[in-house]
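Written below as structure tokens is the structure these notes are about.
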Amino acid sequence: MRISVTIFLTDETVTPTHLARELEQRGFSGLYLPEHTHIPVDRTTPYPAGGDLPREYGRTLDPFVALAQAAAVTQRLALGTGITLVAQHDPIDLAKQIASLDHLSGGRFTLGLGYGWNVEEAADHGVTWRTRRELVRERMALMRALWSEEPTAYEGEFGAVRASFAHPKPAQKPRGPVVGPRTLVGGAAGPKLFAHIAEYADGWLPIGGRGLSESLPVLRSVWADAGRDPAALQVVPYAVQPTPGKLAHYAELGIEEVVVQLPPAREAEVLRALDAYGPLLPDSAPQQ
């Protein structure tokens, strides 16, 4: 099983370059970064985990800038977002950012995308909350048009793009209905989420990884009904606090990658966490 990590990188934590080098040297598979553009002070939306919103949410580095730094100092480390708030981006600009990062990293990028939880943050981007899922679905379709090999137009309810020359293209080749980088959708299990995963993604990024024994058969059924290859579905539990028993359970479910949580801390504390996770790495993990 591949072990990747996620962390809230901020102006107060370990830097992307130092962390990326350590991860590759130790044999971790990937680095996934979250996104928040800003956190409005006047916020009524509750923090999903309960209690006060942690300090790091308002200090998060831009994930694409940080991942570009990480790409420049590594050769094998996979790079991903967990998650990109697609509704809060201009899709033409976002398509260019994603394609550039995937191209320059040699196809190492995973687009983990989601719908967000902070109503006030989204509202400042002009997002209407009740239609945000359909907005994300359309923006993904628009980006796929720009990533297509031939100039392709797209017109939807929420936006359009003319048939255009748009390079670079993502390094990863089209896979069924998926055009662009490896694409995983985050969110809680449900019919609409699973339908969108089967429509335009490579798989699911379930936060915390709870309840997979019950939800995975449902997703696999939706996936198969959509005509997708059963062997192609990827499920990557995200922001996991790992134990050997938990990882063994995931392996029994056919899961091949897990993303574990690192503390949003300075280098010394993060390295101690990596030391603690070291025994969970496969024996075959490359070391330097």
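- Judged purely by atom type and a 3.5 angstrom limit, Trp129 has no side-chain atom pairing as donor or acceptor with the backbone of Ala123.
- Annotation: Glu12, atom CD; neighbour count of heavy atoms from other residues, nucleotides and ligands within 6.0 Å is above 12.
- A distance-only check finds no donor-acceptor pair linking the side chain of Arg220 to the backbone of Pro230 [under 3.5 Å].
- Rounding to the nearest 0.5 Å gives a distance of 12.5 Å between CD of Glu252 and CG of Leu212.
- Of the candidates Val14, Leu19, Leu31, Leu271, Leu262 forms a side chain to side chain contact (heavy atoms under 4.5 Å, CB included) with just one, namely Leu19.
- A donor-acceptor contact closer than 3.5 angstrom is absent between the side chains of Arg55 and Thr10.
- Residues that satisfy the side chain to side chain donor-acceptor pair (under 3.5 Å) test with Gln172, not counting sequence neighbours, are Asp102.
- Taking Thr81 as the reference, Thr84 meet the side chain to side chain donor-acceptor pair (under 3.5 Å) condition, with sequence neighbours excluded.
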I'd like to know whether Ile83 forms a side-chain contact (heavy atoms from CB on, under 4.5 Å) with Glu35, so could you lay out the CA-CA distance, the side-chain angles of the two residues, the decisive distance to 0.1 Å, and finally the verdict.
CA-CA 6 Å; Ile83 45 90; Glu35 175 181 47; over 6 Å; no

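- Other residues, nucleotides and ligands contribute at most 12 non-hydrogen atoms within 6.0 Å of the NE2 atom of His103.
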Which is it for Glu199 and Arg228 under the side-chain contact (heavy atoms from CB on, under 4.5 Å) test, yes or no, and what are the steps along the way?
CA-CA 9 Å; Glu199 178 185 350; Arg228 304 291 301 273; over 6 Å; no

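- By the 6.0 Å contact criterion, CG on Asp52 is open, its count of non-hydrogen atoms from other residues, nucleotides or ligands being 12 or less.
- A donor-acceptor contact closer than 3.5 angstrom links the side chains of His38 and Asp124.
- Within the structure, side-chain hydrogen bond (donor to acceptor under 3.5 Å, both in side chains) pairs that include any residue of residues 173-189 comprise Tyr32-Arg182, Thr110-Arg182, Arg175-Asp202, Arg182-Gln234, Arg182-Glu257 (at least two apart or interchain).
- Atom CZ of Arg132 and atom CZ of Arg137 lie 15.5 Å apart (nearest 0.5 Å).
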Under the criterion side-chain contact (heavy atoms from CB on, under 4.5 Å), I'd like the reasoning laid out for Val235 against Tyr250: C-alpha separation, chi angles, the key distance, then a yes or no.
CA-CA 10 Å; Val235 177; Tyr250 291 154; over 6 Å; no

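- No continuous path of ILVMFWY side-chain contacts below 4.5 Å connects Trp223 to Leu184, so the two sit in separate hydrophobic clusters.
- Taking 4.5 Å as the limit, every side-chain heavy atom of Tyr154 sits out of range of all side-chain heavy atoms of Leu146.
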Decide salt bridge (Lys or Arg N to Asp or Glu O under 4.0 Å) for Arg266 and Glu269; before the verdict, give the C-alpha distance in whole Å, the side-chain angles of both, and the deciding distance to 0.1 Å.
CA-CA 6 Å; Arg266 297 193 182 276; Glu269 184 177 345; over 6 Å; no

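- Residues Phe109 and Leu67 are in side-chain contact: their nearest non-hydrogen atoms beyond the backbone lie under 4.5 Å apart.
- By the 4.0 Å N-to-carboxylate-O rule, Arg59 lies too far from Glu56 to be salt-bridged with it.
- In terms of modelled atom types and a separation under 3.5 Å, the side chain of Tyr238 and the main chain of Gly82 share a donor-acceptor contact.
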Does the side-chain contact (heavy atoms from CB on, under 4.5 Å) test come out yes or no for Thr131 and Glu157, once each step is laid out?
CA-CA 11 Å; Thr131 59; Glu157 179 182 355; over 6 Å; no

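- Looking only at distances, no side-chain donor or acceptor of Gln241 sits under 3.5 Å from a matching main-chain atom of Gln261.
- Distance alone, capped at 3.5 Å, places no donor-acceptor pair between the Lys169 side chain and the Ala99 backbone.
- A donor-acceptor pair under 3.5 Å is absent between the side-chain atoms of Glu120 and the main chain of Arg43, judged by distance alone.
- A donor-acceptor distance shorter than 3.5 angstrom exists from the side chain of Arg108 to the backbone of Ala71, with no hydrogens or angles considered.
- Placement of Leu9 and Leu79 within a single hydrophobic cluster is found when ILVMFWY residues are connected by side-chain heavy-atom separations under 4.5 Å, directly or transitively.
- In the hydrophobic clustering of ILVMFWY residues, with side-chain heavy atoms under 4.5 Å counting as a link, Val178 and Met143 come out apart.
- Expressed to the nearest 0.5 Å, how far OG1 of Thr128 lies from CG of Leu135 amounts to 8.5 Å.
- A distance of 7.0 Å separates CG of Leu193 from CH2 of Trp204, quoted to the nearest 0.5 Å.
- When atom types are taken as modelled, the side chain of Arg2 and the backbone of Gly30 share no donor-acceptor pair closer than 3.5 angstrom.
- Residues Leu61 and Leu33 share a hydrophobic cluster, clusters being chains of Ile/Leu/Val/Met/Phe/Trp/Tyr side chains in contact below 4.5 Å.
- A side-chain donor-acceptor contact under 3.5 Å links Arg139 to the backbone of Ala87.
- Hydrophobic clustering (side-chain heavy atoms under 4.5 Å, transitive across Ile, Leu, Val, Met, Phe, Trp, Tyr) keeps Ile207 apart from Val5.
- Distance alone, capped at 3.5 Å, places no donor-acceptor pair between the Arg21 side chain and the His18 backbone.
- For the atom pair CZ (Arg76) and CG (Leu23), the distance works out to 11.5 Å, reported to the nearest 0.5 Å.
- Taken to the nearest 0.5 Å, the CZ atom of Phe8 stands 5.5 Å off from the OG1 atom of Thr60.
- Atom CD of Glu155 sits in a sparse spot, with 12 or fewer heavy atoms from other residues, nucleotides or ligands closer than 6.0 Å.
- For Tyr57 and Tyr47, the ring centers are positioned less than 6.0 Å apart.
- Considering only heavy atoms from C-beta on, Ile92 stays 4.5 Å or farther from Lys96 through its side chain.
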